[in-house]
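Numbering of ligands and ligand atoms starts at 1, following listing order.
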Amino acid sequence: MLSKTMTDALNKHINAEIYSAYLYMAMSAQASFSGFPGMANWFAIQTKEELAHTEKLYAYVNSQGQHVVLEAIEQPQTKFTGPLDMFETTLSHEQTVTGLINKLADLAVEEKDHATQIILQWFISEQVEEEENARDILDRIKLAGNEGQGLFMIDKELSTRVFVPPAA
Ligand code: FEO
């Protein structure tokens, strides 16, 4: 059984995950518009991942017999100056989300809510991966510079990313 405080906090985080999907969709649109189809693909897959995170929390709140309350989604940043800007924004956004997840985990510990602690463990591990992926690509973009052959190769590689649904 979730407390009202925990339910409200999880509902707020459902909104944060949907916002993440929206932000990456905006980056996918920018990448397409700017002629980086591989990056557009990478961000489109990232959008799907964020929706999967949303669904995971949504299902959890439902399974605890609580009411999922959906709120308005804030407009994301829609213009980016290039791949460097997009991946810097991605890494910093993921670091922000990690902070939000850690606060949720702190609350679950405070409330002695063991079930929520277990589901949040998944999100804590996922954030390590999310930050690592963004950092790896960002490092390579920094090496390549904002244009040229190196960037073309990175874009080509990012076109191969496919969506793998998270384990139940
Ligand atoms: Fe849902 Fe990118 O964290």
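- The pair Asp8-Lys4 counts as a salt bridge, with a side-chain nitrogen and a carboxylate oxygen less than 4.0 angstrom apart.
- Side-chain N/O atoms of Gln117 and Gln121 include no donor and acceptor closer than 3.5 Å.
- For atom 2 (Fe) of ligand 1, the count of nearby protein N/O/S atoms, taking only those under 2.8 Å, is 4.
- For the 3.5 Å distance criterion, the side chains of Thr116 and Tyr60 qualify, holding a donor opposite an acceptor.
- Checked against Thr98 for a side chain to side chain donor-acceptor pair (under 3.5 Å), the options His93, Glu130, Gln127 give a single hit: Gln127.
- Phe43 places none of its side-chain heavy atoms less than 4.5 Å from the side chain of Arg161.
- No more than 12 heavy atoms of other residues, nucleotides or ligands shown are found within 6.0 angstrom of CZ on Phe33.
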